[in-house]
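Quick one: structure below, then a few questions.
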Amino acid sequence: MSVTHVYAGPSLHAATVRSLLPDAVVHPPVRHGDLTACPAGPGDRVVVLDGQFFQSASVRHKEICEVIARGAAVYGAASMGALRAAELGPYGMTGSGIVHRLYATGLIERDDEVALVHTEPDAGSRALTVALVSVRVGLRRLVRRQVITAADEARLLTAAEHLPFTSRTWQGILQQADGVSQAAAEAVRGAVAGPAETWDVKAQDARALLARLARSPVPPAPRPAPVPTTVHVENWRRTADAESLTLVTAAQIYADDYPALHHRTVLRLLTGAGDDEDVRLLEQRAVTAARSHGLLPADGAAFKTWLSGAEADTPDDDAVLARVLVRSYRWSCGLTPLPVLTDAVRAAPGVGRLRELIVDADRLNTELAQRGYPLGRVSRTALHRNCLRRWNTGSLLPALYDHGFTGTSDLETRAGRFAPHLGLADPPGLRLLDD
């Protein structure tokens, strides 16, 4: 059965969306990462009306292209949707409405044409300011109806353009505009006094698109133009798979034998080997392949930064070189280990105890938050110190690489959820492979 996902906020409230499309799945204004996590696929529709860009990162173009590539039909109108549809029309996104047409024809270009301040989604995403494009279209309509003059329109529009979007209100525009007659000011106040759908072009575009979709069967998705997958897209996918990422992160932190599991798994990915290959053979194959592709320079000193202690004294040993390959491995668009690592952790005998540790860590976080100590207060220094203690090592970077982290920033981004738990007097551990 087809599902229609609608991302809406100040342009059209959730109740109005459901009145026009009763079966729609309504989401708050779209943010970076939301579409990557959206389950839309072949036969589904995704409608982007509103989006965030000030409170959080805005939805990326390639996130939309990826949804189109899955086979979903993606529409845009009103606000962020109109802007992205004008940019991505050649790649399969369908635009609708006046705002989209203004962007698509180049009559407007600035992002802040559709920007406004609104309350948080939990508070209804209520608009607190007015979008410049709504001012622009609203004033033009008043001129055509001969309610205000073209000179009044120009003065009011100039005032609106000079106000930052965070302060752009009808009252502020009228106060800032010079030379506008009292009659024109009263006419504008009267025109915008009613519900937004009576004067706001963004609300009108949103309603018109949803009404049309309610009458129309779901069309086949257009053939998407080829868009190269990048490392950034792979990282977005990884972040969107929150359950898998949490499970692997917990294994990296708590499982004493995770480095062995990680080492073997990455070598399998690098060599294309099966599950039952001997680790020593995998190391030899990986090193041979790396040499054949020129990835291991003759001068071993070139990669000694990946080694520590006695390892640096034998840089030509296959086991040491294989360790360099695994430690220097990074997520890439052609080789994504998260699904493979997640499958390996889920299949391990100790995964049940690992899930219990995740629950324990979340319970501790809840208790601390109730006492006024949120996760944001955990220091980076304490996190590093506790990881060193948990892993029984005095050198952080090699230990991070062996546990599958790409560096300190990766650790700090993903391990914050477990930081208070790691600070316990006796940080727990487990073995995944021989529980």
(request) With rounding to the nearest 0.5 Å, note down the distance linking CG in L341 to CG in L261. (result) 7.0 Å
(message) In the structure I gave you, are the side-chain heavy atoms of D256 and R390 within less than 4.5 Å of one another anywhere?
(response) yes
(request) With rounding to the nearest 0.5 Å, note down the distance linking CG in L174 to CD in Q182. (result)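 Answer rounded to 0.5 Å: 9.5 Å.
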(request) State, to 0.1 Å, how close M93 and G81 come at their nearest heavy-atom pair, and which atoms those are. (result)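 The answer is CE-O, 3.7 Å.
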(message) Could you check whether any side-chain heavy atom of V326 comes within less than 4.5 Å of a side-chain heavy atom of L267, counting everything from C-beta outward?
(response)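 Contact flag for V326/L267 side chains = yes.
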(request) Of all the heavy-atom pairs spanning V201 and V133, show the shortest one and how long it is. (result)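 Where V201 meets V133 most closely, the heavy atoms are CG1-O, 4.0 Å.
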(request) Indicate the atoms forming the closest heavy-atom contact of C387 with L411, along with that distance. (result) SG-CD1, 4.0 Å
(message) Using 0.5 Å steps for rounding, measure from the CD atom of Q252 to the CZ atom of F405.
(response) 4.0 Å
(request) Output yes when a side-chain donor or acceptor of Q52 lies under 3.5 Å from a complementary backbone atom of S58, and no otherwise. (result)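 Looks like no, no N/O pair under 3.5 Å.
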(request) Examine distances only and state if a side-chain atom of D50 and a backbone atom of S11 form a donor-acceptor pair shorter than 3.5 Å. (result)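 A pair under 3.5 Å: yes.
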(request) Check side chain to side chain contact (heavy atoms under 4.5 Å, CB included) between E367 and all other residues, then give those that pass, not counting sequence neighbours. (result)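 If we apply the side chain to side chain contact (heavy atoms under 4.5 Å, CB included) test to E367, skipping adjacent residues, the hits are R363, L364.
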(request) Could you tell me whether the side chains of T271 and R285 share a donor-acceptor contact shorter than 3.5 Å? (result)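 Their side chains do not contain a donor-acceptor pair, so the 3.5 Å distance test is not met.
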(request) Flag the pair L209 / Y75 as yes when at least one side-chain heavy-atom distance between them is below 4.5 Å, and no otherwise. (result)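 The answer is yes, as the side chains (C-beta and beyond) meet within the 4.5 Å cut-off.
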(message) For the backbone of V180 and the side chain of D152, can you confirm whether one donor and one acceptor N or O come within less than 3.5 Å of each other?
(response)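 Judged by distance alone, no pair lies under 3.5 Å.
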(message) Measuring centre to centre across the rings, with the benzene-like ring taken for any Trp, is Y254 within less than 6.0 Å of H421?
(response) yes
(request) Working to the nearest 0.5 Å, report the span between CZ of R168 and CG of L116. (result) 9.5 Å
(message) Is the shortest side-chain heavy-atom distance between V188 and I173 below 4.5 Å?
(response) no
(message) Taking L245's backbone N and O only, do any of them form a donor-acceptor pair with R414's side chain (distance below 3.5 Å, no angle check)?
(response)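 No.
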(request) Starting at OG of S244, measure out to CG of D343 and round the result to the nearest 0.5 Å. (result) 8.0 Å
(message) Closer than 3.5 angstrom, by distance alone: can the side chain of E63 be matched with the main-chain N or O of R60 as a donor-acceptor pair?
(response)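 Answer holds: yes.
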(request) First locate atom OG1 of T246, then atom CG of D362, and finally report the distance between them rounded to the nearest 0.5 Å. (result)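 Taking OG1 in T246 and CG in D362, the distance rounds to 8.0 Å.
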(message) For the backbone of H262 and the side chain of T265, can you confirm whether one donor and one acceptor N or O come within less than 3.5 Å of each other?
(response) no
(message) Applying the side-chain contact (heavy atoms from CB on, under 4.5 Å) criterion to R385, which one of L383, T381, L388 satisfies it?
(response)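 It is T381, the one option of L383, T381, L388 that forms the side-chain contact (heavy atoms from CB on, under 4.5 Å) with R385.
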(message) Determine whether a donor-acceptor pair (N or O, by modelled atom type, separation under 3.5 Å) exists between the side chain of R126 and the backbone of H13.
(response)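 Absent.
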(message) Show me the pairs that pass ring-ring contact (aromatic ring centres under 6.0 Å, His included) and involve residues 93-150, at least two apart or across chains.
(response) none
(message) Is it the case that atom CZ in R346 sees more than 12 heavy atoms from other parts of the structure closer than 6.0 Å?
(response)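 More than 12 within 6.0 Å, yes.
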(message) Are more than 12 heavy atoms, taken from residues, nucleotides or ligands other than E243, located less than 6.0 Å from that residue's CD atom?
(response) yes
(request) Name all residues meeting the side chain to side chain donor-acceptor pair (under 3.5 Å) criterion together with W170; count only those two or more places apart in sequence or in a different chain, and write none if there are none. (result) none
(request) Evaluate the side-chain proximity of V351 to L247: yes if any heavy-atom separation is below 4.5 Å, no if none is. (result) yes
(request) State, yes or no, whether a side-chain contact exists between F418 and N365 at a heavy-atom distance under 4.5 Å. (result) no
(message) Is the shortest side-chain heavy-atom distance between I64 and V59 below 4.5 Å?
(response) yes
(request) Quick one: closest heavy-atom pair of C65 and L88, and the distance? (result)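 Looking at all heavy atoms of both residues, the closest pair is SG-CD2, 4.1 Å.
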(request) Apply side chain to side chain contact (heavy atoms under 4.5 Å, CB included) to L49 and V6, showing your working. (result) CA-CA 7 Å; L49 301 176; V6 180; 4.0 Å; yes
Could you pull out all donor-acceptor pairs under 3.5 Å where a side-chain atom in residues 155-167 meets a protein atom, sequence neighbours excluded?
unit_1 : atom_1 : unit_2 : atom_2 : d
T158   : OG1    : A154   : O      : 2.8
E161   : OE2    : R136   : NH2    : 3.4
H162   : ND1    : T158   : O      : 2.7

(request) Return yes if some donor-acceptor pair links the side-chain N/O of S134 with the main-chain N/O of D200 below 3.5 Å, else return no. (result)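 Such a contact is absent between S134 side chain and D200 backbone.
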(request) Can you tell me which residue pairs pass the ring-ring contact (aromatic ring centres under 6.0 Å, His included) test with a partner in residues 16-50, sequence neighbours excluded? (result) H5-H27, Y7-H27, H32-W236
(request) Could you tell me whether a side-chain N or O of D44 sits under 3.5 Å from a main-chain N or O of A72, the two making a donor and an acceptor? (result)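 Side chain of D44 to backbone of A72: no pair is present.
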(request) Using the salt bridge (charged side-chain N to carboxylate O under 4.0 Å, His left out) rule, collect all pairs that involve residues 202-216, keeping only residues at least two apart or in two chains. (result)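 As it turns out, there is no salt bridge (charged side-chain N to carboxylate O under 4.0 Å, His left out) pair with a partner in residues 202-216 once direct neighbours are skipped.
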(message) Contact between R431 and R353 at the side-chain level, heavy atoms closer than 4.5 Å - yes or no?
(response)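 No, their side chains stay 4.5 Å or more apart.
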(request) Looking only at non-hydrogen atoms, find the nearest pair between A14 and V26 and report the distance. (result) CB-CG1, 3.8 Å
(message) Using modelled atom types and a 3.5 Å cut-off, is there a donor and acceptor pairing between side-chain atoms of W391 and backbone atoms of I253?
(response)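 Pair found, side chain donor or acceptor close to backbone of I253.
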